[in-house]
Amino acid sequence: MSVAVIKAFVGSGGKTTLLKKQAALYRQQGLRVFVTTTTHMLIEEDTLLTDDAQVIIRRLEETGYAMAGRPFGSKITPLSLETYQRVCGHADVVLVEADGSKHMPIKFPNSKEPVIYENTDEIVVVCGLCALGKRMCDVAHRLELVKECLGVSDHSIVTPEHIEKLVWDGYVSPLRKRYPLKIVRVLPTHDGSEEQMVIAERLRRL
């Protein structure tokens, strides 16, 4: 049995992509990687659609990688807590998608979001800088909550300051209060331009 490093990915604008990149990096290091969700994730070709811990553990030990959840249409939903905890004991790294954003780059969570397992070590807050310069109504998930947080309208244009406030008020500040012993850090997704990289670095310093 191993003691896994457990990361939860929350926020919006590229969680799944970032999670997959980190999974690939850990696998290259020869680590056993377990991927699952506390909300919903799209089913992939190699996703295990089961709540049987032994099936998931066998895949993990044979290939070094397992993505699993209970089937729900084209997506997976959370495993039972017992299964999740058992599989964690056989992984080196556990990556959990713990929030939803309907593929939108910015978001303000509702009172039930995100859903974080107690054994999580690190919470990664993701936001999409592709929202910059666009209308709130076109890029925001939970639009009414976003507008309430920022004091803006549907057609207000997204600025760096807007994204910073959403990330801080919606995620970083409340998560640090709720989980004082867990690491909370921000990883913005960007297009590689100098402007967005500067903004991303400012957000990471949160």
Side-chain angles (χ1 to χ4, degrees), residues 1-72 75-101 107 109 112-127 167 170-189 204 206:
M1 302 286 281
S2 63
V3 179
V5 173
I6 300 171
K7 294 185 178 186
F9 292 76
V10 305
S12 53
K15 293 186 303 297
T16 303
T17 299
L18 182 59
L19 185 153
K20 288 179 182 176
K21 287 181 178 179
Q22 292 209 359
L25 288 172
Y26 285 123
R27 292 177 73 185
Q28 289 172 9
Q29 297 171 27
L31 300 176
R32 291 168 295 179
V33 180
F34 170 43
V35 173
T36 191
T37 183
T38 60
T39 56
H40 297 86
M41 285 184 77
L42 285 173
I43 294 172
E44 309 243 342
E45 185 177 351
D46 57 354
T47 304
L48 292 172
L49 306 178
T50 180
D51 194 45
D52 188 326
Q54 282 305 119
V55 172
I56 304 169
I57 291 167
R58 188 179 309 119
R59 171 72 66 82
L60 192 60
E61 293 180 341
E62 289 175 351
T63 69
Y65 175 79
M67 175 179 174
R70 291 186 282 196
F72 183 78
K75 298 184 178 183
I76 54 171
T77 57
L79 299 166
S80 64
L81 186 58
E82 179 184 2
T83 294
Y84 166 76
Q85 291 173 335
R86 285 185 63 192
V87 178
C88 285
H90 293 263
D92 297 309
V93 180
V94 179
L95 306 178
V96 183
E97 187 162 308
D99 203 2
S101 62
K107 172 187 177 178
K112 298 180 181 179
E113 298 170 321
V115 182
I116 307 292
Y117 286 129
E118 287 298 325
N119 65 348
T120 300
D121 300 300
E122 181 177 327
I123 303 171
V124 181
V125 182
V126 185
C127 59
V167 169
Y171 288 96
V172 177
S173 181
L175 287 171
R176 284 180 176 165
K177 289 177 182 176
R178 184 177 176 187
Y179 303 106
L181 301 181
K182 302 186 191 303
I183 298 168
V184 179
R185 64 190 182 111
V186 181
L187 281 180
T189 59
R204 281 194 289 268
L206 289 176

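The chain is numbered in sequence order, starting from 1.
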(request) Tell me, with the steps shown, if L79 and I56 meet side chain to side chain contact (heavy atoms under 4.5 Å, CB included). (result) CA-CA 11 Å; L79 299 166; I56 304 169; 4.1 Å; yes

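- Residue L206 holds its CG atom at 7.5 Å from CZ of R176, rounded to the nearest 0.5 Å.
- Shown here for N119 and I6, the closest heavy-atom pair between the two residues is ND2-CD1, 3.1 Å.
- Counting only heavy atoms from C-beta outward, the side chains of P188 and V186 approach each other to under 4.5 Å.
- Taking the six-membered ring where the residue is Trp, Y117 and Y84 present parallel rings, their angle staying beneath 30° rather than reaching 60°.
- Shown here for A66 and R59, the closest heavy-atom pair between the two residues is CB-CG, 3.9 Å.
- Between the OG1 atom of T17 and the CZ atom of F9 there is a distance of 11.0 Å, given to the nearest 0.5 Å.
- Between P114 and R178, the closest heavy-atom pair is O-NH1, 4.1 Å.
- A heavy-atom distance below 4.5 Å is found between the side chains of V10 and I116.
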(request) In sequence, state the C-alpha distance, the side-chain angles, and the governing distance for T120 and V96, and then conclude on side chain to side chain contact (heavy atoms under 4.5 Å, CB included). (result) CA-CA 9 Å; T120 300; V96 183; 5.9 Å; no

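- Atoms CZ and OG1, from R70 and T36 in turn, are 9.5 Å apart once rounded to the nearest 0.5 Å.
- For the residue pair D46 and Y65, no side-chain donor N or O sits within less than 3.5 Å of a side-chain acceptor on the partner.
- Shown here is Q29, whose CD atom has more than 12 heavy atoms of other residues, nucleotides or ligands within 6.0 Å.
- Pairing each heavy atom of G13 with each of T189, the nearest pair is O-OG1, 2.6 Å.
- Side-chain contact between Q22 and V93 is absent, with no heavy-atom pair separated by less than 4.5 Å.
- Considering every non-hydrogen atom in both V172 and V184, the closest pair reads CA-CG1, 4.2 Å.
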(request) Report the C-alpha distance between K15 and T39 in whole Å, list the side-chain angles of each, state the deciding distance to 0.1 Å, and finish with yes or no for side chain to side chain contact (heavy atoms under 4.5 Å, CB included). (result) CA-CA 12 Å; K15 293 186 303 297; T39 56; over 6 Å; no

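- Closest approach of G11 to K107, counting heavy atoms only: O-CD, 4.2 Å.
- For the side-chain contact (heavy atoms from CB on, under 4.5 Å) criterion with L95, the lone passing option out of V5, T37, V124, V33 is V33.
- We find the CG-CD1 distance between L49 and I43 to be 4.5 Å, quoted to the nearest 0.5 Å.
- One finds the CD atom of E122 at 11.5 Å from the NZ atom of K182 (value rounded to the nearest 0.5 Å).
- A distance of 11.5 Å separates CG in L81 from OG1 in T38, rounded to the nearest 0.5 Å.
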(request) Take I76 and M67 through the side chain to side chain contact (heavy atoms under 4.5 Å, CB included) test and state the conclusion after the steps. (result) CA-CA 10 Å; I76 54 171; M67 175 179 174; 4.1 Å; yes

